[in-house]
Amino acid sequence: MSMPATAWWTPVALSADVPPRMVIPATLPVGPIAVWRSQSGQVTANHDRCPHRGMRLSHGFVRGEKLSCIYHGWSFGKEGGCTAIPAHPKVTPPASIHCGVMPTVEQDGLIWVASAQPDTAPPVFDQYQPLRMLNFCACIDRIKTVCDASSRDPATDTYVTATLAGFVTRLIVTPLNETETNVFILVSPDLSTDQKIAISRAAEVLRNLCERPSPEGQQT
Amino acid sequence: MKLYDYVLSPSCYKVRLLAALTDTTLTLRPVDFHPGKEHQSPELLTLNPAGSIPILEDGLLVLTESSAILTFIAAQNAPQWLGQDTPQMAAYVQQWLSFSHRLTTTLGSARLIEMLHGHGDLAALQHQGIAALRELEAALVQQHMKGATYLAADRMTIADIACFPYAALAPDGSVSLDPYPKIRLWMRAIRAQPGFIEMPGIHRLHELSNDPLETTNQ
């Protein structure tokens, strides 16, 4: 089975898909999170819920080194503490107003988040770089079956090997729930643009295959 | 130019947005689409037998399809927005103008059901809308690999204007945009354009304006 959800790294986005001053929604096993990159480039992950009125912080905006809620503009720093309440400009927000921050690592073009500090670092994928992320409406076992489960690395259980457009790729498969899985496609860094496009298209076809009902019926 | 307009209509917003980005002056004539169904009144049916909006009236010219209206405004005021540098670019623009109708009939119809008491098979429309969003995402992934941010070129064209609003408002039809990182970057690039205007559900990028609190405290 997969690692304990509370202490393992989940890939949430390609670094390139979160440029400075941007916040995006993502999903951890414990629930939705807001992942944002400050103007200076630092990545932070918060619970996707403003402590004020519960609005998703991923709908918000990043100014400088702060994430602000779209609803009433409450701002949060990289430590999660509320730094400003626009309706009360002279008030220094008490430390109790806080939005949970989760451990985050950016490594080899991927952003990894964990809901608690894991004992080890996220896995390293030598000789591979992320190409794109796709959302599959298929469970992880179905994807492994379609990609040929025998090629899965038994030592780490962190990725599936798939041949796409004739190239060996690695897929990091992250279940979002019973039926949805995020798939990060890692490829050799030496590929041409045309080869990357071919792999991207083959990945769409792989998704279609995975989303078809399996011949033996649904196995979950 | 007179635009028969409805503030909640993504198709009308396409016209207002292109006009704003190209310094085109429009005279807006608000239409009580909901709940008044004014688009099906005798006055408007005289202009547009299809009973839809937007309608653009310019002298004797009457246009009733948003892609045609975008083409007219761009050709008149900002020809670079037509994206006709190369045969390939021109074809891509046409491809995406056609594709935009699929966004309208899928995501747009789901939105009408969810927001304005429209009728139809919501689950099927959402499913088709997701298929369209996946195509959009895949195309933008390819564009990024080629170093371009937009659909038909490395600059905005009417193709982007045509596809942007219904994609951006997918959540109004209960279709999530969370799984599409390149659509998110594309929408952000559009919202960062100088002169960008909003519509309900599509707001400007607050990160591009100064923090009013910091301004006040100075």
Side-chain angles (χ1 to χ4, degrees), chain A residues 12-14 16-27 32 36 38-39 48 56 58-64 66-70 73 75 83-90 131-137 176 180 182-183 185 191-201 203-204 207-208, chain B residues 123 126-149 154 168-172 175-192 196 198 200-218:
Chain A
V12 294
L14 271 65
D17 289 337
V18 192
R21 295 195 299 174
M22 183 160 180
V23 58
I24 67 158
T27 305
W36 54 286
S38 72
Q39 188 151 6
D48 198 4
R56 285 178 76 178
S58 58
H59 286 318
F61 52 95
V62 179
R63 277 200 192 117
K66 294 181 295 184
L67 172 67
S68 298
C69 179
I70 193 70
S75 297
T83 60
I85 299 175
H88 302 282
K90 292 195 169 70
L131 184 74
R132 62 176 295 202
M133 188 273 279
L134 291 95
N135 179 267
F136 283 37
C137 291
L176 296 181
E180 275 185 285
N182 275 347
V183 177
I185 298 170
L191 299 174
S192 70
T193 298
D194 287 350
Q195 290 168 333
K196 289 179 183 172
I197 288 174
I199 293 172
S200 176
R201 286 172 172 256
E204 305 272 338
R207 173 162 64 186
N208 288 341
Chain B
Q126 289 168 333
H127 188 75
Q128 293 159 9
I130 289 168
L133 286 173
R134 285 175 166 190
E135 284 178 45
L136 187 62
E137 171 79 7
L140 287 165
V141 165
Q142 288 192 34
Q143 287 293 93
H144 271 261
M145 288 173 181
K146 296 184 205 163
T149 305
D154 57 4
L169 293 169
D172 283 351
V175 172
S176 173
L177 287 172
D178 291 5
Y180 311 108
K182 292 299 189 285
I183 291 179
R184 189 178 298 120
L185 289 172
W186 168 71
M187 293 193 305
R188 184 180 170 85
I190 294 172
R191 290 160 66 214
F196 177 83
E198 304 177 317
I202 303 178
H203 61 78
R204 67 188 181 278
L205 289 175
H206 296 285
E207 34 287 66
L208 298 181
S209 55
N210 292 323
D211 186 341
L213 277 183
E214 285 175 10
T215 314
T216 312
N217 292 341
Q218 278 165 8

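Atom set for the values below is all heavy atoms of this structure, side chains included, hydrogens, waters and symmetry mates excluded. Chain letters run A, B, ... following the sequence lines, proteins first and then strands; every chain starts at 1.
With a 4.5 Å cut-off on non-hydrogen atoms, A/Ile70 touches chain B through its side chain but not through its backbone. Heavy-atom distances place no part of A/Lys90 under 4.5 Å from chain B, backbone and side chain included. Only the backbone of A/Ala16 comes within contact range of chain B, with heavy atoms under 4.5 Å apart. Heavy-atom distances place no part of B/His144 under 4.5 Å from chain A, backbone and side chain included. Within the 4.5 angstrom heavy-atom criterion, atoms from both the backbone and the side chain of B/Ser209 approach chain A. Both the backbone and the side chain of A/Arg21 come within contact range of chain B, judged by heavy atoms closer than 4.5 Å.
Considering only heavy atoms from C-beta on, A/Arg201 comes within 4.5 Å of B/Gln142 through its side chain. Counting heavy atoms from C-beta on, the side chains of A/Ser68 and B/His206 never come closer than 4.5 Å. Inter-residue side-chain proximity for B/Ile130 and A/Cys137 is flagged as unmet; no heavy-atom pair is nearer than 4.5 Å. Contact annotation: the side chain of A/Leu131 approaches that of B/Met145 to within less than 4.5 Å [non-hydrogen atoms, C-beta and beyond].
Within 6.0 Å of NE2 on B/His203 lie more than 12 heavy atoms contributed by other residues, nucleotides or ligands.
Contact between B/Glu207 and A/Arg63 at its shortest, heavy atoms only, is CA-CG, 4.0 Å. When all heavy atoms are compared, the tightest approach of B/Arg188 to A/Pro20 is NH2-O, 3.9 Å. Looking at every heavy atom in both residues, B/Ala138 comes nearest to A/Arg132 through CA-NH2, 4.2 Å. Pairing each heavy atom of B/Pro179 with each of A/Met133, the nearest pair is O-CE, 4.4 Å.
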task = Start with the C-alpha gap between B/Leu185 and A/Met22, add the side-chain angles, then the distance that decides, and say whether side-chain contact (heavy atoms from CB on, under 4.5 Å) holds.
result = CA-CA 9 Å; B/Leu185 289 172; A/Met22 183 160 180; 3.7 Å; yes

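For the atom pair CG of A/Asn135 and CG of B/Leu133, the computed distance is 11.5 Å after rounding to the nearest 0.5 Å. To the nearest 0.5 Å, the span separating OH on B/Tyr180 from CG on A/Leu134 amounts to 10.0 Å.
Note on A/Asp17 versus B/Lys182: salt bridge recorded, some NZ/NE/NH1/NH2 to OD/OE distance being below 4.0 Å. Salt bridge annotation for B/Lys146-A/Asp194: absent, with no cationic side-chain nitrogen under 4.0 angstrom from a carboxylate oxygen.
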